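Owing to the predicted nature of the structure, the values given are computational and were not obtained by experimental measurement. All chains are named by letter (A, B, ...) in the order of the sequence lines, taking the proteins before the strands, and each is independently numbered beginning at 1.
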Amino acid sequence: MPSFRAPRGTYDILPDEQPYWSFALKTAAETAKRFGYGRIDTPMFEPTDLFERGVGDATDIVQKEMYTFEDHGGDSLTLRPEGTAGVCRAYIEHGLHNQPQPVRMHYIGPYFRYERPQAGRFRQLRQFGVEAIGDGSPNVDVEVIELGWSYIRSLNINGTSLRINSIGDSECRPAYLDALREYYRGHIDEVCDDDRQRFESAPLRLLDCKRTQCQGIGDAAPKSTDFLCDACDAHWASVIALLDGLKDTYPDLDYSIDHRLVRGLDYYTRTVFEIEPENAAGQSTLLGGGRYDGLIEEIGGPPTPGIGFALGLDRIISEVKSREGFVPPESGPDVVIVHLGDEAGLRASALAAGLRDDGLGVLVAPVGRSMRAQMRYSNSMNARYALIIGDREIESAEGALRPLRDNGEQEAVALNVQALAKALRGD
RNA sequence: GUGGGCGUAGUGUAGUGGUUAACACGUCAGGUUGUGGCCCUGAAGAUCGAGGGUUCGAUCCCCUCCGCUCACCCCA
């Protein structure tokens, strides 16, 4: 047994898996570009306070999922469990409010949460996220949702569904929470133990409980959208109207309003949304996000609205695989140089350097193997050609270039970079 | 943190209370004179997850631990 293994909840992405990641990452970058979201990279760790204040003390993330450590200087740092807080910190730190608003940014990278791993859930997870900061209009909400939807469609993942809700803001939420508490007070004996805990600490999350015994109670609970203040209500109505406008482009964007969708992070205001795959089983959320109009101020910046989403790339990749939405392209070097003898070995190495410098993919067959073995190697590498160099070829200064992927004729080509490059590129 | 399932070569699997633990794929080598794919032959590769117990004897039975996995919680 190997003495070391990848830490629990992490995994290696071996070369054969990389095409799927390249596809997802490249598509993410292209999608972000189409929408005008420039890339931002922030540190993988931040001051612990940033997450405690930004994400919220009462959240599961802060309470039990953070990788927190003290560095040698005595500062408490935390491996980032999510992306929004760091991006907002950067927005404040670099005075991005002086740029045209909203500032649109996207990010791709790893995040860390100490959780029990399970299908689609890891301790190191990779996310593609976007943030639009500095514009509170509902148009931006829908733009962000459109971006996420477009991305998923670009990956040929069909059948996804969008759920959306509005949880109000600091103006109207207190009244809603009062109503919610009052309602649950009448059912406190019927809900699960966890919910009794949440009753005081995080009443919104009562709605989110998946236990069957709590389902009916949650369904009949007061709805946040019935308590919205005028400003939030107008915003919410606009979001829905704008969302309907996307149906011309995306006929299958059949969103549903889910009054029990509240999200688990404290910073959300107004619009919250999630996208799930077709056969949504439990915690398979592909994308989740919402508006966070109070966050920037909470972590020390001026009052600034913002909205964004994060998408789980690990889950996206498994969707891509399960749906055959992507076929890895055929790969392999242009040529493997098969060489016999010391002299040929030297020539092979020199020619390989020249051809690579010319832009071609070149492998030199492993040293010390028989010609048959080298040819087998060339084949298993899925090379387009084998270039054979032995005593005869050195003498004549012409190598034998043999096509491997099709049944073309083997031909003699002068042993210099120019002639070989020309032949390898197909005249 | 709480439950269920599972731990046998690199990978995927078989197997039995008793001698050298099997098969496929993969890897490496060979199939006469310098030529791949298919085929054939051979080799390397496993302290049968770890520790303890029952037994004359355990990979197999029992216990503990560890690991993987699925689910709950929650999220991406």
Asker: Return the value, rounded to whole Å, for the distance between atom OH of Y107(A) and atom C1' of A76(B).
Answerer: 10 Å
Asker: Looking only at atom types and distance, does a side-chain atom of D314(A) sit under 3.5 Å from a main-chain N or O of G120(A), one as donor and one as acceptor?
Answerer: no
Asker: Once you apply the 3.5 Å cut-off to both distances, tell me the Watson-Crick or G-U wobble partner of A29(B), or none.
Answerer: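 Matched A29(B) with U41(B) under the 3.5 Å cut-off.
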Asker: Assign a letter to each nucleotide of nucleotides 34-40 of chain B from its 5' end: B, base within under 4.0 Å of a protein heavy atom; S, sugar-phosphate only; -, no contact.
Answerer: BBBB-B-
Asker: Watson-Crick or G-U wobble partner for U59(B), using a 3.5 Å limit on both distances?
Answerer: none
Asker: Examine distances only and state if a side-chain atom of E52(A) and a backbone atom of V62(A) form a donor-acceptor pair shorter than 3.5 Å.
Answerer: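 No; zero donor-acceptor contacts below 3.5 Å.
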Asker: Roughly how many Å apart are G30(B) and G37(B), using the P atom of each and rounding to a whole number?
Answerer: 13 Å
Asker: For atom P, what is the distance between G67(B) and A24(B), given to the nearest Å?
Answerer: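 Rounded to whole Å, the distance is 35 Å.
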Asker: Calculate, to the nearest 0.5 Å, the distance between atoms CG and OG1 belonging to L125(A) and T10(A) respectively.
Answerer: 12.0 Å
Asker: Checking only heavy atoms, does the side chain of E276(A) share a donor-acceptor pair with the base of A76(B) at less than 3.5 Å?
Answerer: no
Asker: Between U64(B) and G5(B), how far apart are the P atoms? Round to whole Å, please.
Answerer: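 So the two P atoms sit 13 Å from each other.
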Asker: So what's G1(B) paired with, Watson-Crick or G-U wobble, going by both distances under 3.5 Å?
Answerer: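 Across all strands, the one nucleotide that pairs with G1(B) is C72(B).
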Asker: Does A76(B) have its OP1 or OP2 closer than 4.0 Å to a side-chain nitrogen or oxygen of R126(A)?
Answerer: no
Asker: Can you tell me, in whole Å, how much space there is between the C1' of C40(B) and that of A58(B)?
Answerer: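 Nearest-Å result for C40(B) against A58(B) at atom C1': 39 Å.
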Asker: Partner lookup for C23(B), please. Criteria are Watson-Crick or G-U wobble with both distances under 3.5 angstrom; report none if nothing qualifies.
Answerer: G12(B)
Asker: Considering Watson-Crick and G-U wobble pairs with both distances under 3.5 Å, what does G36(B) pair with?
Answerer: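 With both distances under 3.5 Å required, G36(B) matches none.
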Asker: Would you indicate what A310(A) reaches in the nucleic acid, counting non-hydrogen atoms under 4.0 angstrom: base, sugar-phosphate, or nothing?
Answerer: sugar-phosphate
Asker: Grab the two heavy atoms, one from I167(A) and one from R173(A), that are nearest each other, plus how far apart they are.
Answerer: O-NE, 3.0 Å
Asker: Rounded to the nearest 0.5 Å, how far apart are CG of L265(A) and CG of D60(A)?
Answerer: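 Reported to 0.5 Å precision, the distance equals 9.5 Å.
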Asker: Distances under 3.5 Å between protein N/O atoms and the N/O atoms of nucleotides 65-69 of chain B, please, pair by pair.
Answerer:
residue : atom : partner : partner atom : Å
C68(B)  : OP2  : R8(A)   : NE           : 2.8
C68(B)  : OP2  : R8(A)   : NH2          : 2.7

